[in-house]
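Here's the structure, in structure tokens; my notes come after.
Predicted model, so just to flag it, every value in this text is computed and none were measured. Numbered from 1 within each chain, the chains take letters A, B, ... in sequence-line order.
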2 protein chains.
Amino acid sequence: MGEHGSEHASSNTHGNGNGRREVTVSDVAAAARVSKATAARALGDYGAVSDSVRERVQRAAEELGYRANALARTMTTGRSNTIGIVVGDIENPFFAQATRGAADIADTAGFDLILSNSDEETESEAKAIGVQLAKRVDGLLVAPASSVDIRNLRTIVDAGRPLVLFDRVAEGIEADAVIAANRTGARKLTGLLTSAGHRRIAFISTLLHTDGYRSGEVLGSSSVAERVAGFTTTLAEAGIPRPEAWVRLNARADGVERAAVELITGPDAATAVVASDSRIALAVFRAARSVGLRIPEDLSLVAFDDADWTGLTTPSITVMSQPIHEIGAEAARLLVRRIRGDGGPFVTKVLDQRLIERESVAPPRL
Amino acid sequence: MGEHGSEHASSNTHGNGNGRREVTVSDVAAAARVSKATAARALGDYGAVSDSVRERVQRAAEELGYRANALARTMTTGRSNTIGIVVGDIENPFFAQATRGAADIADTAGFDLILSNSDEETESEAKAIGVQLAKRVDGLLVAPASSVDIRNLRTIVDAGRPLVLFDRVAEGIEADAVIAANRTGARKLTGLLTSAGHRRIAFISTLLHTDGYRSGEVLGSSSVAERVAGFTTTLAEAGIPRPEAWVRLNARADGVERAAVELITGPDAATAVVASDSRIALAVFRAARSVGLRIPEDLSLVAFDDADWTGLTTPSITVMSQPIHEIGAEAARLLVRRIRGDGGPFVTKVLDQRLIERESVAPPRL
DNA sequence: CTGAAAGCGCTAACAC
DNA sequence: GTGTTAGCGCTTTCAG
């Protein structure tokens with residue numbers, strides 16, 4: 001292992017504190033015996049420079065180890081070539097995939113990504129957005145912590161930065177959005193269960209929500225709201241009374257597995273569950289096992305998101321697959337277009353979900 | 001949906017291209033009837049300002065909607081409060097978790113994260129590092145695409161930026177590192193298999209490597225190298241000839257599942273597999289199923305990383321759990337310390353792995 | 001095609 | 001405590 005910090009004294013006032021002064025255009029210009037402006041033109045690849053001079057400058061830059069200061073460039077051009085992305089939690093496979101989708105498009109278009117986790121809380125979301133705006137990102141991609149409280153989003157729009165929402169929409173904000181057809185997906189998924197004869201079906205989501213869900217209430221996340229709508233509608237159509245009583249939100253605070261156990265045991269136990277994402281499905285699977293319920297004989301289970309392992313369990317799980325990668329990618333595409341100055345009307349792209357029927361659904365026991 | 005782009009004409013030369021001029025300290029200073037310096041002191045929370053003036057300035061800032069320009073601040077202070085992180089692929093749960101661990105520490109310390117995917121290729125890694133350096137990140141966290149070719153890492157050190165490696169180390173580079181005790185982990189995992197009586201055991205990794213593995217060869221990733229070392233040593237100790245013949249690298253290019261099928265079928269088929277990560281374990285699981293092999297009766301399987309689903313399959317999978325979150329977090333801690341000027345000798349932190357025995361190991365068939 | 005000069009928004013020296 | 005001035009590294013007029 002080496003030694004560190006011996007040369008910590010700084011000779012220049014500014015700089016990165018490691019004692020080395022960065023090579024600048026001026027340095028390169030001097031070495032190449034041209035003006036700063038000319039060197040900058042050659043280095044920045046803009047304006048007009050004669051081939052001979054360009055070559056001379058580039059050689060000098062090479063020798064001196066010149067590396068452009070993107071910040072200084074941003075100061076004068078106003079473009080940072082950076083976009084901010086705010087997700088609920090990068091550890092959540094949904095966000096990890098969407099982020100990758102966005103990163104690929106961004107990268108191709110020459111943009112870097114500043115990543116922030118909101119933990120689905122508007123407060124930390126506000127902080128993240130504040131910092132990203134301060135860093136003058138060219139635009140933002142956000143999966144809003146709330147579809148209802150749009151103040152954070154308004155901050156972005158007011159700051160004049162292009163904004164594209166993904167996974168969730170928000171009413172009343174001037175922004176594009178990319179979401180999945182959650183209501184339709186929920187209907188299909190739930191329909192599988194009612195068709196099989198289930199009448200006591202629970203919907204489980206980790207969405208934070210005060211108190212229990214009551215019909216007509218506005219939910220914080222539009223995607224969950226859509227799923228709930230599709231779910232309750234399907235139940236109602238099947239003649240099941242009080243569908244909203246089967247909607248279980250807030251499952252995170254209480255522990256998803258525990259919430260699941262409550263729902264699938266007792267006299268009025270659900271005989272089937274719709275899990276709002278793959279992590280919830282996992283918890284339900286575990287819960288069923290812990291209370292000795294077999295899937296699908298004793299409990300049917302369907303879920304959103306085709307996580308790679310859902311095809312591996314015994315039984316494998318029937319899921320509604322979302323084009324997660326594409327959600328992120330398309331959001332990034334829209335954003336890049338806006339940054340480049342596209343002034344068309346705002347659009348909300350709705351991507352289809354795809355049902356993958358596997359083995360986790362069976363008729364209820366009598 | 002609203003309308004966009006009607007007001008695209010820009011009145012100022014610079015700016016973000018949306019026609020709005022950002023509010024600056026000067027504006028605030030004028031409004032508060034103080035000098036720019038005083039306003040800046042009040043806004044930036046440094047230097048000395050009287051309470052009355054501070055309040056006046058802050059009110060003015062509020063009214064004008066002032067938002068500090070972090071870039072300009074970086075220009076003069078040399079600190080960007082941003083750290084770069086380069087991972088193989090954010091979609092890989094390992095990197096997603098490590099990134100979250102790093103993000104939490106960074107956030108607490110007041111740093112933002114610029115995220116890049118290298119796809120484990122030194123070329124795109126170089127590009128990512130180049131951009132991050134240009135953006136003057138205060139330091140970098142990187143899971144190097146190569147532990148051998150250290151040119152990209154040298155670029156960082158030469159640029160005078162603190163660097164902390166995670167998951168993999170690299171010889172000859174002045175940087176801290178945080179890794180897991182992979183060799184020991186591999187020994188334990190493999191030992192489980194030899195103890196059960198297996199003699200044809202395959203190790204599968206997606207690490208890119210030209211041609212087959214030969215003993216003593218240097219591998220691109222130090223963590224895989226360590227695992228291979230632990231694996232072959234254990235085989236050798238069990239008296240198994242030519243252990244290196246059982247090391248299968250490059251499994252990505254050929255398709256992991258396909259590689260697995262090749263290894264577990266045929267006359268010389270392996271009776272047990274050590275999967276170098278949870279995604280490989282998943283492919284092996286699938287492969288076994290596709291060729292009609294039961295786990296653990298026909299094939300034993302152990303893997304690195306305690307992915308959440310590994311306890312759910314039938315049978316559940318015996319794994320070597322890594323403190324992934326902590327790897328990222330500790331790396332970030334070390335980096336922040338360096339950025340703050342810690343000049344101690346470079347350290348390599350080695351975190352323990354933990355064996356979780358489940359149901360996927362049994363004696364081989366006769 | 002090249003150069004000189006101004007300026008992006010901020011902080012750091014240095015006066016007062 | 002407060003103001004003045006200079007300057008970070010770059011791009012952009014504007015001249016020539």
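Listed nucleotides: C:dC10, D:dC10, D:dT4. Nearest to the side chain of B:Ser35: D:dT4. Nearest nucleotide to the side chain of B:Asn69, out of C:dC10, C:dA13, C:dC1: C:dC10. Between D:dG9, C:dG3, D:dG3, one nucleotide has an atom nearer to the side chain of B:Thr38 than all others, and that is D:dG3. Checking D:dG9, D:dT12, D:dG3 against every side-chain atom of B:Ala37, the shortest atom distance belongs to D:dG3. When distances run from any side-chain atom of A:Ala40 to the nucleotides C:dT11, D:dT11, C:dG9, the shortest one goes to D:dT11. In the set C:dG9, C:dT11, C:dT2, C:dT2 carries the atom at the smallest distance from any side-chain atom of A:Arg41. Checked against C:dG9, C:dT2, D:dC10, the side chain of A:Val25 finds its nearest nucleotide in D:dC10.
Between B:Arg136 and B:Val53, the residue whose closest nucleotide on DNA chain D is further toward the 5' end is B:Val53.
For the pair B:Arg33 CZ and D:dG1 C1', the interatomic distance rounds to 19 Å; values are reported in whole Å. The CZ atom of A:Arg73 sits 14 Å away from the C1' atom of D:dT12 (whole-angstrom rounding). Separating the CG atom of A:Asp27 from the C1' atom of D:dC10 is a distance of 13 Å, rounded to the nearest angstrom. If you take CG of B:Asn81 and P of C:dT11, they are 12 Å apart, rounded to a whole angstrom. Note: NZ (A:Lys135) to P (C:dC8) measures 23 Å, nearest angstrom. Rounding to whole angstrom units, NZ of residue B:Lys36 and C1' of D:dG3 are separated by 12 Å. With rounding to whole Å, A:Arg79 atom CZ is found 16 Å from C:dC8 atom P. Straight-line distance from the CE atom of A:Met75 to the C1' atom of D:dG7: 12 Å, rounded to whole Å.
Within the 4.0 Å cut-off from OP1 or OP2 of C:dC1, not a single side-chain nitrogen or oxygen of A:Tyr46 is found. In this structure, B:Thr76 does not reach the D:dC8 phosphate: none of its side-chain N or O atoms is under 4.0 Å from OP1 or OP2. At the phosphate of D:dT2, OP1 or OP2 sits under 4.0 Å from a side-chain N or O atom of B:Ser50. The side chain of B:Thr77 places no N or O atom within less than 4.0 Å of a non-bridging phosphate oxygen (OP1 or OP2) of C:dT11.
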As a quick check of understanding, evaluate side chain to side chain contact (heavy atoms under 4.5 Å, CB included) for B:Arg79 and B:Ile339, giving each step before the final call. CA-CA 9 Å; B:Arg79 285 164 265 124; B:Ile339 292 172; over 6 Å; no
Report the C-alpha distance between A:Arg67 and A:Glu22 in whole Å, list the side-chain angles of each, state the deciding distance to 0.1 Å, and finish with yes or no for side chain to side chain contact (heavy atoms under 4.5 Å, CB included). CA-CA 8 Å; A:Arg67 181 180 304 282; A:Glu22 311 271 351; 5.6 Å; no
How far apart are the C-alpha atoms of B:Lys135 and B:Thr82, what are their side-chain angles, what is the distance that settles it, and do they pass the side chain to side chain donor-acceptor pair (under 3.5 Å) test? CA-CA 9 Å; B:Lys135 295 214 163 126; B:Thr82 305; over 6 Å; no
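Taking only distance into account, the side chain of B:Arg54 never meets the base of D:dG1 through a donor-acceptor pair shorter than 3.5 Å. For B:Arg67 against C:dG9, no side-chain N or O and base N or O form a donor-acceptor pair under 3.5 Å.
Taken over five-pair windows at either terminus, the axes of the helix from C:dC1-D:dG16 to C:dC16-D:dG1 are inclined to one another by 30° (rounded to 10 degrees).
Side-chain atoms of A:Glu171 and A:Ser147 form no donor-acceptor pair, as typed in the model, at a separation below 3.5 Å. Judged by distance alone, the side chains of A:Thr122 and A:Asp149 never bring a donor and an acceptor atom under 3.5 Å apart. A side-chain donor-acceptor contact under 3.5 Å links B:Ser80 and B:Asp138.
Of all heavy-atom pairs between A:Leu165 and A:Arg168, the closest is CB-O, 3.4 Å.
Under the 4.5 Å side-chain criterion, counting only non-hydrogen atoms from C-beta, A:Val142 is not in contact with A:Val164.
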